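Below you'll find the structure, written out as structure tokens, and then a few comments.
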There are 2 protein chains.
Amino acid sequence: MNKSLKRLATMQRIQVTGLHLFYSKGYYNTSVDDILKELSLSKGAFYYHFDSKEDFFIQIIENLLVRKVYGMLIQPIEGHDHTLTMIADCFEDALETAVHNELDYGFVLSNFINEFNGRNENIMKHLNEILKVWEVNLVSAIQRGKFNGHIDRHVDAEGVALYLMSAYIGIRTLMVETAPAARKYRFMAQLRQYFKSLEVKTTSH
Amino acid sequence: MNKSLKRLATMQRIQVTGLHLFYSKGYYNTSVDDILKELSLSKGAFYYHFDSKEDFFIQIIENLLVRKVYGMLIQPIEGHDHTLTMIADCFEDALETAVHNELDYGFVLSNFINEFNGRNENIMKHLNEILKVWEVNLVSAIQRGKFNGHIDRHVDAEGVALYLMSAYIGIRTLMVETAPAARKYRFMAQLRQYFKSLEVKTTSH
DNA sequence: TAGGTATCAGACCCATCAGTCGGTTTCGCC
DNA sequence: GGCGAAACCGACTGATGGGTCTGATACCTA
């Protein structure tokens with residue numbers, strides 16, 4: 001194998017396992033040794049590739065988290081009509097993978113945000129960037145919906161986006177331990193109810 | 001001072017400071033020594049009153065957290081008409097304290113739930129109990145609203161309760177770092193919008 | 001006021017953890 | 001095939017954390 005390819009492959013391996021463990025046990029509660037034991041690698045290998053545990057985690061954010069969030073929550077609602085339907089289906093899919101695969105990485109963000117909030121400014125900066133991208137994308141999707149005539153022109157796009165993010169973060173927290181499938185179902189029903197109230201009132205008889 | 005009173009006073013002091021630090025730095029990221037340094041107390045004092053760090057935290061939950069959540073989110077919506085208005089005002093108040101006092105303990109729950117989810121079953125049991133009480137209370141409030149004729153009888157009370165809890169947990173997470181006041185305002189507007197869609201459609205002309 | 005107990009002090013133990021460092025193996029290349 | 005660099009090994013360090021233990025005070029009661 002090519003040298004630079006091998007380097008990337010090893011880094012990737014460590015990062016994937018690292019994210020896995022950080023997600024399930026928490027960042028501060030997972031030691032570098034834990035990750036290395038899982039991979040039968042040594043300290044030397046780790047610190048050859050990464051400057052520190054923090055640097056390591058930031059690389060995980062940039063390489064894995066960003067893409068996961070993008071693929072799961074952003075890309076699916078880009079460039080489509082019927083914005084609200086797209087968003088609802090997107091949330092439905094994301095929650096569905098959360099039901100069946102507890103380590104889906106679909107929205108690890110809320111866990112990490114809670115863990116680093118007010119504790120590690122540097123890492124929070126990177127996590128907030130992902131949130132911001134998500135928010136901006138939601139806002140523009142909603143504005144697109146208003147422009148296309150599917151969403152009432154009086155709705156506050158930023159408000160809706162914030163509300164959607166809140167609801168999603170919250171339901172992900174509540175789905176981890178208790179009745180995920182049932183909760184997902186109930187949540188989605190209410191979300192669609194809320195969406196109805198955003199639609200244009202053309203049928204006001 | 002009475003002996004047993006002094007005991008309780010000391011335990012209370014340690015617990016209050018403990019909750020403060022656990023909330024701001026996280027449970028696993030706060031050492032017993034951190035708490036004791038803040039109080040100028042010694043290890044001996046701590047382990048005289050508490051069996052372990054975990055036992056200590058569970059007592060904090062039972063003595064402080066339960067009451068805070070009850071006083072802030074449960075008691076205010078008990079036994080009133082105009083359920084939805086009550087809930088909205090209750091959320092508004094709770095978020096308002098969150099805006100002005102970052103350590104308000106208003107809903108520390110979401111932080112801790114995220115921290116212990118899948119990591120400490122014992123502590124999660126206690127946290128889930130609080131959530132359960134909250135949920136049950138919301139459900140019965142909504143059913144009361146249906147009975148009183150303020151809420152449409154077709155709405156799923158459990159679904160609404162879950163949705164409210166999700167939204168609240170999520171907005172609390174999102175309010176910690178970025179523009180809390182503005183986000184609170186936007187959030188509440190959308191919540192009220194959602195509530196409108198739950199009201200009885202008496203004015204359907 | 002003497003003795004007992006509740007309360008607290010702080011040195012100590014042992015495990016863990018992030019990070020270091022000198023050394024060894026593997027690989028590409030001439 | 002041999003040289004140099006990349007990749008990796010693993011013992012070690014210094015710091016920290018949870019928890020223990022031996023006492024020292026403060027306080028109550030008889």
Side-chain angles (χ1 to χ4, degrees), chain A residues 1-61 63 112 115-116 119-123, chain B residues 1-61 63 112 115-116 119-123:
Chain A
M1 196 191 315
N2 190 311
K3 263 280 166 83
S4 71
L5 267 185
K6 167 157 186 151
R7 175 180 177 83
L8 288 179
T10 303
M11 290 174 77
Q12 178 86 1
R13 248 164 39 96
I14 303 179
Q15 286 176 16
V16 168
T17 305
L19 176 55
H20 193 96
L21 288 179
F22 286 150
Y23 181 51
S24 54
K25 304 202 309 168
Y27 175 83
Y28 291 113
N29 211 24
T30 300
S31 68
V32 173
D33 283 319
D34 288 341
I35 300 166
L36 296 171
K37 202 163 81 182
E38 196 102 342
L39 294 163
S40 300
L41 275 177
S42 70
K43 273 271 174 70
F46 182 87
Y47 282 96
Y48 174 73
H49 291 291
F50 305 101
D51 290 344
S52 65
K53 191 185 177 187
E54 180 173 324
D55 164 67
F56 171 59
F57 188 72
I58 290 174
Q59 291 206 36
I60 287 182
I61 296 175
N63 292 332
F112 289 140
E115 187 165 6
F116 293 110
R119 283 160 218 163
N120 188 317
E121 205 178 329
N122 191 17
I123 291 183
Chain B
M1 195 191 317
N2 189 312
K3 264 283 166 80
S4 70
L5 267 186
K6 170 163 180 144
R7 176 181 175 81
L8 288 179
T10 304
M11 289 176 76
Q12 179 87 1
R13 246 164 40 94
I14 305 179
Q15 285 174 18
V16 168
T17 306
L19 177 55
H20 193 95
L21 288 179
F22 286 151
Y23 181 51
S24 55
K25 305 204 308 170
Y27 175 83
Y28 292 114
N29 211 24
T30 300
S31 70
V32 174
D33 284 319
D34 288 341
I35 300 166
L36 296 171
K37 203 162 82 182
E38 195 101 342
L39 294 161
S40 300
L41 276 176
S42 69
K43 276 269 175 72
F46 182 89
Y47 282 95
Y48 174 73
H49 292 292
F50 305 101
D51 290 344
S52 65
K53 191 186 177 188
E54 180 173 325
D55 165 67
F56 171 60
F57 187 72
I58 290 174
Q59 291 204 38
I60 287 182
I61 296 176
N63 292 333
F112 289 141
E115 185 164 9
F116 293 112
R119 282 159 218 164
N120 189 317
E121 205 177 330
N122 191 18
I123 291 182

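Per chain, numbering begins at 1; letters A, B, ... match sequence-line order. In this text the structure is predicted, and so the values were computed from the model without any measurement.
Note: B/I35 CD1 to B/F56 CZ = 4.5 Å, rounded to the nearest 0.5 Å.
Contacts of B/K43 with the nucleic acid, taken as non-hydrogen atoms under 4.0 Å apart, include base atoms.
A/F112 is not listed as a side-chain neighbour of A/I123, based on a closest heavy-atom distance of 4.5 Å or more.
For A/S52, whose side chain is taken as the heavy atoms from C-beta onward, the closest listed nucleotide among C/dG19, C/dT7, C/dC17 is C/dG19. Minimum atom distance to the side chain of A/R7 is reached by D/dA7, of the listed C/dC8, D/dA7, D/dG17. Distance from the side chain of A/A45 is smallest for D/dC8 among the nucleotides C/dC8, C/dA18, D/dC8. Listed nucleotides: D/dG19, D/dG10, C/dG10. Nearest to the side chain of B/Y47: D/dG19. Of the candidates D/dG18, D/dA7, C/dC8, the closest approach to any side-chain atom of B/K6 belongs to C/dC8.
Side-chain N/O atoms of A/T10 include one lying less than 4.0 angstrom from OP1 or OP2 on D/dC8. Put simply, A/H49 has no side-chain N or O that comes within less than 4.0 Å of OP1 or OP2 on D/dA6. Phosphate proximity of D/dC8 to A/Y48: absent, as no side-chain N or O sits under 4.0 Å from OP1 or OP2.
Rounded to a whole Å, the CG atom of B/D33 is 16 Å from the P atom of D/dA15. Atom CG in A/L39 sits about 13 Å away from atom C1' in D/dC8, given to the nearest Å. Distance A/Y28 OH to D/dT16 P: 15 Å, rounded to the nearest Å. Per the geometry, NZ belonging to B/K25 stands 8 Å off P belonging to D/dG17, to the nearest Å. The distance between atom CZ of B/F50 and atom C1' of D/dT20, rounded to the nearest whole Å, is 18 Å. Distance A/K53 NZ to D/dT16 C1': 14 Å, rounded to the nearest Å. In this structure, the CE atom of B/M11 is 10 Å from the P atom of C/dT7, given to the nearest Å.
Residues A/T30 and A/L21 come closest through the heavy atom pair OG1-O, 3.4 Å. Nearest heavy atoms, A/I58 versus A/N122: CD1-ND2, 3.5 Å.
Both A/V32 and A/G44 lie near DNA chain C, and the one whose nearest nucleotide falls closer to the 5' end is A/V32.
The ring-ring contact (aromatic ring centres under 6.0 Å, His included) test with A/F57 singles out one residue from A/Y27, A/Y28, A/F50, and that residue is A/Y27.
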